[in-house]
Amino acid sequence: MPQTIEKGFTRRGFLKVGTAAGVAAAICGHTRVLQALVKTAEQPPPAGIHKAYSICDICINKCGLIARVDEAGVVKKLDPNHKFRKSRGMLCARGNAGIGQLYDPDRLKYPLLRKGERGAGQWQRLSWDQALDHAAEKLQKIGEKYTRCGVLFMAGSDMQSGFVQRFANVFGSFNVISHESNCLLSLNRAFLDTFGMIPLPDVLNSKYIILAGANRFEALITPDSIDLMTAIRSGCKLVVLDPRFTKTAALAHEWHAIRPGTDMAFLLAVAHVLIGEGIYDRKFVEEKTYGLEQLSAHVKPYSPEWAEKECQIPAVDIRRIARELAKAAPAAMVYPGRRSSDYENSTQIRRSFAIVNALLGNFDRPGGLTIPQPIPLKGVAYDAPWYDDNPEGRIEGERSQMMFEEEGSFKHARDAVIEGKPYPVKGFFTYKTNPMATGANRRKTVEMIQKLDFMLTVDIAMTDTAWMADLVLPAPSYLERQDPVSPVQAVSAGACIVTRDPVVPALFESRPVFWIVQELARRLDLANFFDFSMEQYRQEQLKNLPEAEAALKQDGVYYIQGNLYGSYEGKPFKTLSKKIELYNQRYKEAGIDPMPVYRPPREVPADHFRLVVGRNAYITQASTTNNALLHELVPENTLWMHPQPAAKLGLQQGDLVEVASKAGKGTLKVRITEETRPDTVYMDSGFGVLSRGLSRVYSKGASIVEILEEYNDAISGNMAMHETIVSVRRV
Amino acid sequence: MSASTEKRYAIVIDTFKCIDCKACMIACKVENAVPEGFWRNWVHHTGGMNGRRTLYQPGQCMQCDEPSCVAACPVGATYKQKDGLVVIDTMKCIGCGNCVTACPYGARYRNPVRRTADKCDFCAHRLKRGEEPACVETCPTRARVFGDLNDPKSPVSIIMKSEKLVRVVNPVVNTEPAIYYLAGALPLDWPVEPTLPGNVHMNSAFWKTAR
């Protein structure tokens with residue numbers, strides 16, 4: 001048993017590196033009761049033994065937690081906040097491991113300026129003034145030479161990302177993207193275009209759920225993952241379609257090892273049965289949907305017998321599942337899922353999900369698809385200045401058929417920067433997003449970055465993205481931050497709002513991005529757009545919610561009263577027909593298939609494999625694999641391969657293999673298992689990093705993005721990460 | 001045991017709810033400063049393909065009623081308290097390691113920082129504060145139930161009345177573990193025969209089959 005203990009690394013030793021935390025803690029020492037908000041922005045967090053609310057940031061779910069701090073001001077433990085209903089009062093492995101992020105010796109500590117070549121890892125320490133002066137000068141120069149649109153901004157999912165967007169807007173760039181085009185935009189596109197809004201699944205009350213791909217017992221989403229187990233206990237049947245025997249498949253009533261890329265065939269066949277046997281919700285479909293006639297004709301050839309040949313699931317099962325779905329309806333659903341970055345037609349695939357849901361009549365009903373609650377947070381309005389010399393539009397807008405303007409497309413933006421078309425982009429500002437580790441085809445991301453005059457990254461760790469930047473600015477972890485108020489949808493757990501206040505003072509010289517953009521704005525004559533403190537911003541946000549502040553202090557959360565079901569009665573849908581569109585008229589007008597047309601996935605040639613990616617419950621994409629606590633659970637990734645092809649390749653368990661695609665290669669150990677199809681291999685994300693600033697995970701495993709070729713969904717510009725065919729050989 | 005003010009702590013685990021998310025393992029590690037390379041708890045599992053659901057089986061020190069680890073300790077550093085917890089007095093422990101191999105469950109390890117034996121103690125320090133063990137509190141699917149078997153109103157007493165429970169025991173020895181599982185949990189027979197030092201004699205009831 002390995003007995004490596006980091007001898008010098010205790011939490012106390014870590015703090016001695018130098019902050020005021022120790023000093024403050026020594027001064028006041030008596031016990032305090034639960035404290036949440038500090039009184040003003042200037043007041044430091046309480047010292048000494050205390051508990052404080054915060055909101056976890058290790059993944060997207062924002063679970064409420066209570067941090068326990070000891071007499072020396074050290075966070076000892078993160079406990080779940082029992083009043084936080086979305087998480088059903090729990091905290092997962094990653095939430096518990098938050099202390100590993102806070103006290104990671106690898107953390108970025110002070111501003112760094114690149115000294116040597118990009119990716120050489122040679123840095124020069126700067127003071128904040130030097131760093132911000134430098135950044136402002138660079139941004140100004142790029143703005144002058146290439147217009148303000150010459151800077152691309154990319155902010156990840158974070159409570160302060162709105163301030164980065166604000167800065168980008170007042171700076172004058174149209175080129176603002178999120179990470180969502182590496183995630184779920186094709187899903188959002190499909191459901192938005194069907195229902196006129198993006199509904200949320202009411203898992204808790206459902207009686208029949210089809211999970212196509214969504215690995216909910218590993219890809220944790222609250223409350224869904226927890227509610228799924230509760231629902232199963234209350235008699236909900238779970239059917240999983242997945243080429244892998246994931247833990248979700250392992251806990252399901254039925255698992256079908258569907259041929260990758262054929263979900264649409266399965267669901268069109270389900271629609272065929274629902275309509276053909278007349279077991280769809282006639283009343284609902286008649287009153288609330290448009291296009292049944294066209295859809296009926298459309299799905300006639302898509303019989304279960306036809307689908308069996310495509311998805312390799314027996315027709316008798318497809319037919320039976322369709323009938324079971326109909327019987328359980330309306331408390332039955334095709335779970336929408338989240339990450340839909342899989343195939344070039346991922347929007348159309350999700351259209352087939354949405355259409356089947358519509359046929360089941362589960363919209364706005366228990367156990368079906370529900371309406372997100374309105375959350376009356378006020379914004380702080382501003383009029384962004386106009387820059388005369390700016391070009392007409394974004395760099396990537398023309399490359400997708402229907403891109404989400406607010407989210408953009410990373411893949412298309414990357415291409416545009418590399419090509420310098422429609423106009424050059426020479427600056428890149430990233431905040432809490434890691435495209436070097438999550439954007440398919442890493443070489444292309446490197447190529448893009450090499451085209452830049454100036455790249456600035458704000459992050460908490462020396463991620464692969466930071467590793468490639470010119471200027472790296474250290475941000476504090478969520479436990480050290482004061483954040484604006486954020487809305488959180490939670491389906492049956494009740495929509496709520498959350499905020500954060502520092503549990504401990506910011507370590508080292510880390511500064512929140514709110515302060516960074518404020519300081520940049522000051523230097524760029526845009527100070528008036530950031531003339532408020534975080535405290536004032538929150539006050540403004542909560543103007544329509546007078547009871548919220550006290551509740552946030554007391555409970556760590558404030559619930560928005562609303563009706564989960566029935567609030568959409570009589571309202572028109574935000575579509576051309578004002579109904580749920582089975583047949584999408586806007587698509588027709590735009591030259592896009594108005595109903596999903598099945599096309600088989602690309603062939604996997606003999607002796608090759610399709611590479612798929614996915615999740616487990618202790619890795620968040622690429623941001624947790626260096627966390628000391630979580631690294632112990634998964635020190636490196638492996639290539640999952642079925643025993644049959646493994647034998648053919650002469651592989652034994654744990655052998656080193658090289659995985660190669662047209663994009664690149666990676667070397668890692670093979671995990672021979674029946675838990676994947678013979679034609680499909682799988683790798684966890686977050687390994688094979690380039691950054692030596694991630695000391696635990698550096699040189700471990702292989703990188704998915706080095707191997708993944710870049711494809712995209714035609715409609716939304718979403719990355720498509722399951723289209724890569726690889727060969728594998730022993731090394 | 002008489003219904004008294006004495007507690008008799010136990011945990012009941014529903015393995016059908018466990019999703020092997022390892023929240024319990026990390027929560028314990030942080031709560032109890034378990035050193036890198038060691039764990040106080042685990043999640044085992046059955047194989048689950050070919051039409052069978054996988055069963056994930058969390059476990060930790062079973063706080064046994066007939067603890068072979070206590071018998072193996074040459075200095076009396078480990079002993080069973082009245083409340084059922086099997087505890088380690090780190091001032092007495094000489095770090096000999098006898099107790100580690102004496103445990104059928106592999107629940108003990110030698111803590112390299114303290115150089116004494118170490119294991120789960122149901123988060124005794126949290127119990128003093130009126131809180132549940134960290135693993136119980138954090139579990140996303142509420143697969144774990146904790147309480148006092150001497151209190152008829154406690155969750156473990158209630159579940160014991162309404163559900164059929166089983167325990168995980170080696171086929172040859174019975175250390176009378178205080179962690180129960182809902183019937184149907186598998187595998188049940190994975191614990192190993194304890195390796196006891198030569199001078200330790202367990203009473204005959206400890207051995208389920210004649211030796």
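Sequence lines set the chain letters: A, B, ... in the order given, protein chains first and strands last, and positions in each chain run from 1. Both backbone and side-chain heavy atoms feed into the values below; hydrogens, waters and symmetry mates do not.
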Side chain, backbone, both or neither: which part of [X] has a heavy atom under 4.5 Å from chain A?
{"X": "B:D14", "value": "side chain"}
{"X": "B:C139", "value": "backbone"}
{"X": "B:C24", "value": "neither"}
{"X": "B:Y109", "value": "neither"}

Contact origin within [X] toward chain B - heavy atom pairs under 4.5 Å:
{"X": "A:H253", "value": "neither"}
{"X": "A:E675", "value": "both"}
{"X": "A:A249", "value": "neither"}
{"X": "A:R94", "value": "neither"}
{"X": "A:F217", "value": "both"}

- Considering only heavy atoms, give the residues of residues 228-239 of chain A separated from chain B by less than 4.5 Å, sorted numerically, with 'none' for an empty result. A:M229, A:R233
- Among B:T54, B:V43, B:L55, find the one that has a side-chain contact (heavy atoms from CB on, under 4.5 Å) with B:C18.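 Output: one option passes, namely B:V43.
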- Task: With a 4.5 Å cut-off on heavy-atom pairs, point out which of A:G89, A:G95, A:S87 contacts chain B the most.
- Result: A:G89
- Contact leader toward chain B among A:I226, A:L251, A:L629, where contacts are heavy-atom pairs under 4.5 Å: A:L251
- Message: Quick one about B:E137 and A:H82 (side-chain donor to acceptor, distance below 3.5 Å, no hydrogens or angles considered), yes or no?
- Response: yes
- Message: Could you tell me if A:N96 and B:T138 have a donor-acceptor pair between their side chains, going purely by distance under 3.5 Å?
- Response: yes
- Message: side-chain hydrogen bond (donor to acceptor under 3.5 Å, both in side chains) for A:D106 and A:S695? Distances and angles first, verdict last.
- Response: CA-CA 7 Å; A:D106 283 350; A:S695 64; 2.6 Å; yes
Nearest 0.5 angstrom please: [X] [atom1] to [Y] [atom2], how far?
{"X": "A:E254", "Y": "A:L241", "atom1": "CD", "atom2": "CG", "value": "9.0 Å"}
{"X": "A:D79", "Y": "A:M90", "atom1": "CG", "atom2": "CE", "value": "13.5 Å"}
{"X": "A:T248", "Y": "A:R615", "atom1": "OG1", "atom2": "CZ", "value": "13.0 Å"}
{"X": "A:T676", "Y": "A:D242", "atom1": "OG1", "atom2": "CG", "value": "8.5 Å"}
{"X": "B:S68", "Y": "B:N174", "atom1": "OG", "atom2": "CG", "value": "10.5 Å"}

- Enclosure of B:K164 NZ (heavy-atom neighbours >12, cutoff 6.0 Å): no
- Task: Return each pair, listed once, that meets ring pair (Phe, Tyr, Trp, His ring centres under 6.0 Å) where at least one residue sits in residues 135-172 of chain B; pairs must be two or more places apart or across chains.
- Result: B:Y9-B:F146, B:F122-B:F146
